[in-house]
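Have a look at the structure below before the remarks.
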Amino acid sequence: MDLGFLLQASIPSWEAVAILFIFFFYLAIAGSVLPGRVIPGVILSDRSRLQYRCNGLLSLLVLVALLGVGVKMNYISPTAIADRGLELLSATFWFSVLATFLLCVAGYSSSSQSASLKPHITRNFIHDWWFGMQLNPHFLGIDLKFFFVRAGMMGWLLINLSVLARSVLNATLSQSMILYQTFCAIYVLDYFVHEEYMTSTWDIIAERLGFMLVFGDLVWIPFTFSIQGWWLLTNKVELTTAATIANCLVFLIGYLVFRGSNKQKHMFKKNNKALIWGKPPKVVGGKLLASGYWGIARHCNYLGDLLLALSFSLPCGISSPVPYFYPMYLLILLIWRERRDEARCAEKYKDIWAEYTKLVPWRILPYVY
């Protein structure tokens with residue numbers, strides 16, 4: 001691809017804008033009307049709690065079914081996304097920029113005193129635009145933070161499915177592509193099966209909604225997490241049986257640590273006396289869980305996430321660093337986030353946090369970091 005092609009493809013086409021608009025429109029309607037468990041969020045500083053309709057799995061399955069019917073009836077090309085990758089990337093990026101400027105306008109003009117909408121304004125526009133000003137802004141009754149992360153996870157799967165279709169049509173489908181697609185599909189489906197756990201994560205309960213989160217959800221997740229699939233379209237990798245088994249083990253261990261630690265944290269926040277690995281939980285200061293995965297490392301869920309990211313890249317072999325961009329980036333991001341989280345917890349919990357760090361000295365990987 002020459003520079004001229006890249007520049008032309010990076011300009012949003014009307015087709016790319018239409019695909020993005022239809023996708024968002026579907027998610028808004030499906031998220032509002034399809035049945036799903038209504039989960040109360042964590043208690044905010046003003047004692048209020050937001051309500052989340054966790055129907056993401058049904059929304060995803062209905063969407064995939066509708067797309068399948070459209071492909072079967074020749075209304076939709078299965079490679080529509082794969083053939084417009086850069087155009088969709090550009091359209092989503094500019095949407096993120098526009099959306100966050102509008103969030104800034106809403107934040108500066110807001111006089112709300114509620115914990116979810118009270119603006120945190122520094123008067124440094126770049127800071128306010130990047131980190132956001134409101135914790136849980138809404139639009140037409142839609143919780144935008146929850147909406148955007150749902151769109152990003154679904155978008156990742158849709159990109160992968162379109163790349164898979166292109167691989168089949170090009171007769172380049174390989175064991176590596178099947179492994180990568182299988183791992184990612186399990187991860188995304190599992191995310192939506194346990195979507196309620198998202199309501200107690202750092203992003204939802206602590207981060208304000210600005211460009212950092214909107215770009216991360218809508219652009220970074222779907223378009224960088226799928227780099228391995230794009231790479232495998234034009235690069236053939238032959239995996240040995242031992243390499244395949246090792247790859248599956250990395251995925252399985254990562255999944256068990258990631259899902260298990262997040263489940264323990266979520267259940268503890270709902271009931272701080274719930275059993276952890278069959279035993280009563282060890283709690284520091286009546287607030288901090290120090291049992292199970294959270295007694296091994298203070299951010300054990302990050303270790304699971306990193307192992308999963310690595311498992312998505314291992315099917316690509318070791319001939320190029322390109323497919324390993326995601327796990328390398330994620331390592332940097334999670335260390336940065338862990339440092340920010342540690343500072344926030346030290347300020348919030350004070351002596352209790354100091355006691356917890358003595359009891360659980362390792363941050364992410366025991367005996368290493």
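Atoms considered below: every heavy atom in the structure, side chains included; atoms not considered: hydrogens, waters and symmetry mates.
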Taking the side chain as every heavy atom from C-beta outward, state whether [X] and [Y] have any pair of such atoms under 4.5 Å apart.
X: L239; Y: L179; value: yes
X: L44; Y: L135; value: yes
X: R37; Y: E195; value: no
X: F131; Y: M212; value: yes
X: P323; Y: I227; value: no
X: L103; Y: V214; value: yes
X: L27; Y: F147; value: yes
X: F211; Y: C104; value: no

Look at the side chain of [X] and the backbone N and O of [Y], then say whether any donor-acceptor pair between them is shorter than 3.5 Å.
X: E355; Y: G285; result: no
X: T240; Y: A243; result: yes
X: H120; Y: K118; result: no
X: S162; Y: P78; result: yes
X: D128; Y: R123; result: yes
X: S96; Y: T92; result: yes
X: S226; Y: G229; result: no
X: K145; Y: I204; result: yes
X: Y26; Y: S59; result: yes
X: S311; Y: N247; result: no

Do [X] and [Y] belong together in a cluster built from hydrophobic side chains that touch within less than 4.5 Å?
X: L249; Y: L308; answer: no
X: V17; Y: L158; answer: no
X: V64; Y: L58; answer: yes
X: Y369; Y: L331; answer: yes
X: Y367; Y: I364; answer: no

I'd like to know whether the aromatic ring centres of [X] and [Y] sit less than 6.0 Å apart in this structure.
X: F183; Y: F312; result: no
X: Y187; Y: W156; result: yes
X: F325; Y: W220; result: yes
X: F101; Y: F125; result: yes
X: F24; Y: F95; result: yes
X: F21; Y: W14; result: no

Item to complete: Applying side-chain contact (heavy atoms from CB on, under 4.5 Å), run through L63 and F23 and close with a yes or a no.
Response: CA-CA 9 Å; L63 176 58; F23 177 51; 3.9 Å; yes
Verify the neighbour count for atom [atom1] of [X]: are there more than 12 heavy atoms of other residues, nucleotides or ligands below 6.0 Å?
X: K269; atom1: NZ; result: yes
X: F139; atom1: CZ; result: no
X: Q51; atom1: CD; result: yes
X: N271; atom1: CG; result: yes
X: L61; atom1: CG; result: yes

Check [Y] with [X], please: is the shortest side-chain N to carboxylate O separation under 4.0 Å?
X: R344; Y: E207; answer: no
X: E15; Y: R84; answer: no
X: D203; Y: R337; answer: yes
X: E338; Y: R298; answer: no

Any side-chain donor-acceptor pair under 3.5 Å between [X] and [Y]?
X: T122; Y: N124; answer: no
X: S110; Y: S112; answer: no
X: H266; Y: N262; answer: no

Practice prompt. Output the distance between atom CG (L157) and atom CG (L60), rounded to the nearest 0.5 Å.
Written response: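 Result: 5.5 Å between the selected atoms.
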Worksheet item: Which is it for V360 and V284 under the side-chain contact (heavy atoms from CB on, under 4.5 Å) test, yes or no, and what are the steps along the way?
Response: CA-CA 11 Å; V360 186; V284 178; over 6 Å; no
Item to complete: Please assess I221 against M153 for the test side-chain contact (heavy atoms from CB on, under 4.5 Å), listing each intermediate value before the final yes or no.
Response: CA-CA 7 Å; I221 288 177; M153 293 299 292; 4.1 Å; yes
Discussion item. Which label fits Y302 and H299: parallel for a plane angle under 30°, tilted from 30 to 60°, or perpendicular past 60°?
Written reply: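 Judged by the thresholds at 30° and 60°, the geometry between Y302 and H299 is parallel.
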Discussion item. Evaluate F215 against W129 for ring pair (Phe, Tyr, Trp, His ring centres under 6.0 Å), listing each step before the verdict.
Written reply: CA-CA 12 Å; F215 176 84; W129 172 72; 9.5 Å; no
Discussion item. How close do L117 and Q134 get, counting heavy atoms only, and between which atoms?
Written reply: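 Heavy atoms only, the tightest pair is O-NE2, 2.8 Å.
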Worksheet entry | Smallest separation among heavy atoms of W362 and V368, with atom names |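 In terms of heavy atoms, the two residues are closest at CZ3-N, 3.8 Å.
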Fill in: From CA spacing to verdict: side-chain contact (heavy atoms from CB on, under 4.5 Å), V322, N235
CA-CA 11 Å; V322 173; N235 294 272; over 6 Å; no
